[in-house]
Chemist: 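Structure below; questions to follow.
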Amino acid sequence: MTTVATVSEGTGNPYALSHLDSLESEAVHIFREVAGEFERPVILFSGGKDSILMLHLALKAFAPAPVPFTLLHVDTGHNFPEVLEYRDRTVAEHGLRLHVASVQEYIDAGKLRERPDGTRNPLQTVPLTEAIQQHRFDAVFGGGRRDEEKARAKERVFSLRDEFSQWDPRRQRPELWQLYNGRHAAGEHVRVFPISNWTELDVWQYIEREGIELPQIYFAHDREVFSRSGMWLTAGDWGGPKEHERTETRQVRYRTVGDMSCTGAVDSDATTLAAVITEIAASRLTERGATRADDKMSEAAMEDRKREGYF
Amino acid sequence: MTTPIQLAEQLSATTLLRFATAGSVDDGKSTLVGRLLHDSKSVLTDQLEAVEDASRKRGQEAPDLALLTDGLRAEREQGITIDVAYRYFATARRRFILADTPGHVQYTRNMVTGASTAELAVVLVDARNGVVEQTRRHAAVAALLRVPHVVLAVNKMDLVDYAEPVFAAIAQEFTAYAASLGVPEITAIPISALAGDNVVEPSSHMDWYGGPTVLEHLETVPVSHDLTGCHARFPVQYVIRPQTPQHRDYRGYAGQIAAGAFRVGEPVTVLPSGRTSTIAAIDLLGTSVDTAWAPQSVTVRLTDDVDVSRGDLIAPSGDAPAVTQDVEATVCHVADRPLTVGQRVLIKHTTRTVKAIVKDIPSRLTLDDLSQHPAPGRLAANDIGRVVVRTAEPLALDAYADSRRTGSFLLIDPADGTTLSAGMAGASFAAAPARVAAPADDDAEWDF
């Protein structure tokens, strides 16, 4: 079991914080700024590790009081059952309120059309932005990290969105010191990214240090998968495998949790947090590069989706 | 490839260093950043493949490492860095957050953004050109923002035959200049980012250099200030009152310690009201502690039921800042529309936002030659100047020279929320005001 030292070594400075403590302190500061300045904040919660981490940080930031935010999940209709079960259990355990925006309902109502490639990830944008308008959320916490992707590396911690939720990377507010500017007009909102400065490895090390429970799909297990575009996808009602694709049982785990149609599993025998950390530290692939098909659509796929209102 | 021993070391890496790079495109900044990322295993296979692929599509033979950091469509199209990008990498000894800032004068505001949270700035110089205007500009911004450590990286040493006198002359000129601006610590390193000399590995071409490589210096530079000399400051962010059966009487003041340290039992004063009390308890995110220090996020409880709310500042009773409604400061104007005398603004200082009016703009600084221009009447985008602001309510403001956190503020447009200017309170950024005179005006004081 790896333990993370909380006291600096070798610097001779007893007041130097460990990198995890620095990141934690910064994230807590951001949560409290939003609580202090906004009327109706919401945390985007998918049951994935980044949103679980965010909720954990929010719980610590306001303890012993409850988290003063509601949760919002954009359900693609192709979510992993284990993750939905985790989501509902967590919400109940902490006495939270969960809003669900359903992509399936939008498709059934004819407001969205299924894409030919079957991925529903880009379809999340409309239900997300409409939920924000409907509930008049003025601050929306996302678990986006700058290390994930090059467009996200350009994202502010407080990111102003217009009434259509659009991101304009050329018109971002400079962000100076720890003075976050959350001013916005009626109808606009601010996307807030408290874990902007965390890397995938930081997230895992912190989860281990804090003993945070995760959905089991993050750990190696046997699963029925088939290969598509170089990724192992889970077979299911969502549309796979097709006739020419063959299912097989492999020992895999997930590095990210998203829509089943575009989130791939990786071969792994990491069944514990320590093993997962060792595996990630040695990996030569980024989290999204390894397992996300939607980011490979074009050189600026993420930037384009973010401009439209994706988180 | 990382060995298991290196991996174990990396996983126990303890501290975090935030640093910024400054330098023009031609100085080799992208190459230096690319090499730091690449040699620390932070460029992964799929990212490199994406860069190789994009470079090929553009007809370039070698992978263009700038595409790693230029993440926006517009940046990639124009081949320039427009906005700050944050990069993350780690070695066995430390984690790093790199603010990769554009070097162009028109992007001064972005360099200010990157430098505002940096503990260290790397200023790049081309060994063939020596200290140029742009170098002086970068040094001035680092001094203005009070970045504690500055590294002068004299790059392209391979193009001057790795000659010691070339390096020594540049290092001496820069060190004298930066010291006169009040930069507290300067480390000069001769490098070739392209050939890899003294970036990660010590150079075999420069036996005359006995100092650290860039990475070695980044790994060992101290990250926290000595807290004993700091004025303790705690801006209240949020009041935690659970009002649950278990915690009916709990009333905690949540915030991030901005400077110094606080102890249980310490007499404190709440500003701007001036009420006094004593620290009854400090909760460090679930753990009760006796002492807490910057930049820890904590919840403080007081022995008395005094009126404290968001925007208040808690300080030791014997060391509280004065409150004022007249703010004199240096600002970097970051908005496209100008800042003018008479303009009504909001000032955001720590957790407090109050109405204010710009009473005067006594001078504007020209970064090119560091000359000052009296009474410009307005500041345009990227201008740096002196301002006098009158606030509607008192602020507990420190001099930026004493505290980056409680001496800094934003000016905000009340109409639409635009961030107008980044402000640094106090007389001047220079430690030694009279040392440098502007070349154009020998009588000019360095108190612009």
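Chain letters run A, B, ... following the sequence lines, proteins first, then strands; residues in each count from 1.
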Chemist: If only side-chain N and O atoms count, and only distance matters, is there a donor-acceptor pair under 3.5 Å linking B/Y86 with A/N197?
Modeler: no

Chemist: Is a side-chain donor or acceptor of A/S22 paired with a backbone partner of B/L16 at a separation under 3.5 angstrom?
Modeler: no

Chemist: Give, for atom CD1 of B/I412 and atom CZ of A/R183, the distance between the pair rounded to the nearest 0.5 Å.
Modeler: 6.5 Å

Chemist: Look at B/Q243, B/K348, B/R241 and state which one has the largest set of heavy-atom pairs under 4.5 Å with chain A.
Modeler: B/K348

Chemist: B/V298 versus chain A, heavy atoms under 4.5 Å apart: side chain, backbone, both or neither?
Modeler: backbone

Chemist: Within a strict 4.5 Å, meaning less than it, do heavy atoms of the A/F62 and B/Y238 side chains meet?
Modeler: yes

Chemist: If you measure from OH on B/Y88 to OG1 on A/T199, what distance do you get to the nearest 0.5 Å?
Modeler: 9.0 Å

Chemist: Go through the structure and list residues passing side-chain hydrogen bond (donor to acceptor under 3.5 Å, both in side chains) with B/D416, not counting sequence neighbours.
Modeler: B/R337, B/T418

Chemist: When rounded to the nearest 0.5 angstrom, what is the spacing between CG in B/L411 and CG in A/N181?
Modeler: 11.0 Å

Chemist: Holding to side-chain contact (heavy atoms from CB on, under 4.5 Å), I want the full list of residues that pass it with A/A65, two or more places apart in sequence or in another chain.
Modeler: B/I240, B/P242

Chemist: Does any N or O in the side chain of B/S116 come within less than 3.5 Å of the main-chain N or O of A/W177, such that one atom is a donor and the other an acceptor?
Modeler: yes

Chemist: Could you tell me the separation between the CG atom of A/L176 and the CE atom of B/M424, rounded to the nearest 0.5 Å?
Modeler: 8.5 Å

Chemist: Can a donor-acceptor pair be found between the side chains of B/R95 and A/S18 at a distance below 3.5 Å?
Modeler: no

Chemist: Can you say whether A/A35 sits under 4.5 Å from chain B via the side chain, the backbone, both, or neither, judging by heavy atoms?
Modeler: both

Chemist: Taking the side chain as every heavy atom from C-beta outward, state whether B/T351 and A/E33 have any pair of such atoms under 4.5 Å apart.
Modeler: yes

Chemist: With a 4.5 angstrom heavy-atom cut-off, which part of A/H29 approaches chain B: side chain, backbone, both or neither?
Modeler: both

Chemist: For the residue pair B/Q296 and A/D21, establish whether any side-chain heavy-atom pair is separated by less than 4.5 Å.
Modeler: no

Chemist: For chain A, find which of B/H247, B/Q237, B/Q256 contributes the most heavy-atom pairs closer than 4.5 angstrom.
Modeler: B/Q237

Chemist: For A/E37, is there an ion pair with B/R352 - N to carboxylate O distance below 4.0 angstrom?
Modeler: no

Chemist: Are the side chains of B/W293 and A/L17 in contact, using a 4.5 Å heavy-atom criterion?
Modeler: yes

Chemist: Determine yes or no for a side-chain-to-main-chain donor-acceptor pair under 3.5 angstrom, with A/R173 supplying the side chain and B/G417 the backbone.
Modeler: yes

Chemist: Between B/L410, B/L346, B/D413, which has the largest tally of heavy atom pairs under 4.5 Å with chain A?
Modeler: B/L410

Chemist: So how far is it from A/L179 CG to B/T350 OG1, rounded to the nearest 0.5 Å?
Modeler: 8.0 Å

Chemist: Does any part of the side chain of A/R146, heavy atoms only, come nearer than 4.5 Å to the side chain of B/I97, both counted from C-beta?
Modeler: no

Chemist: Please answer whether the main-chain N or O of B/G255 pairs with a side-chain N or O of A/R32 as donor and acceptor at a distance below 3.5 Å.
Modeler: yes

Chemist: Which residue out of B/A422, B/S408, B/G286, B/A254 racks up the most heavy-atom pairs below 4.5 Å with chain A?
Modeler: B/S408

Chemist: Mark yes or no for whether A/S25, through its side chain, and B/S297, through its backbone, hold a donor-acceptor pair below 3.5 Å.
Modeler: yes

Chemist: Side-chain contact, heavy-atom cut-off 4.5 Å: B/T15 with A/H19?
Modeler: no

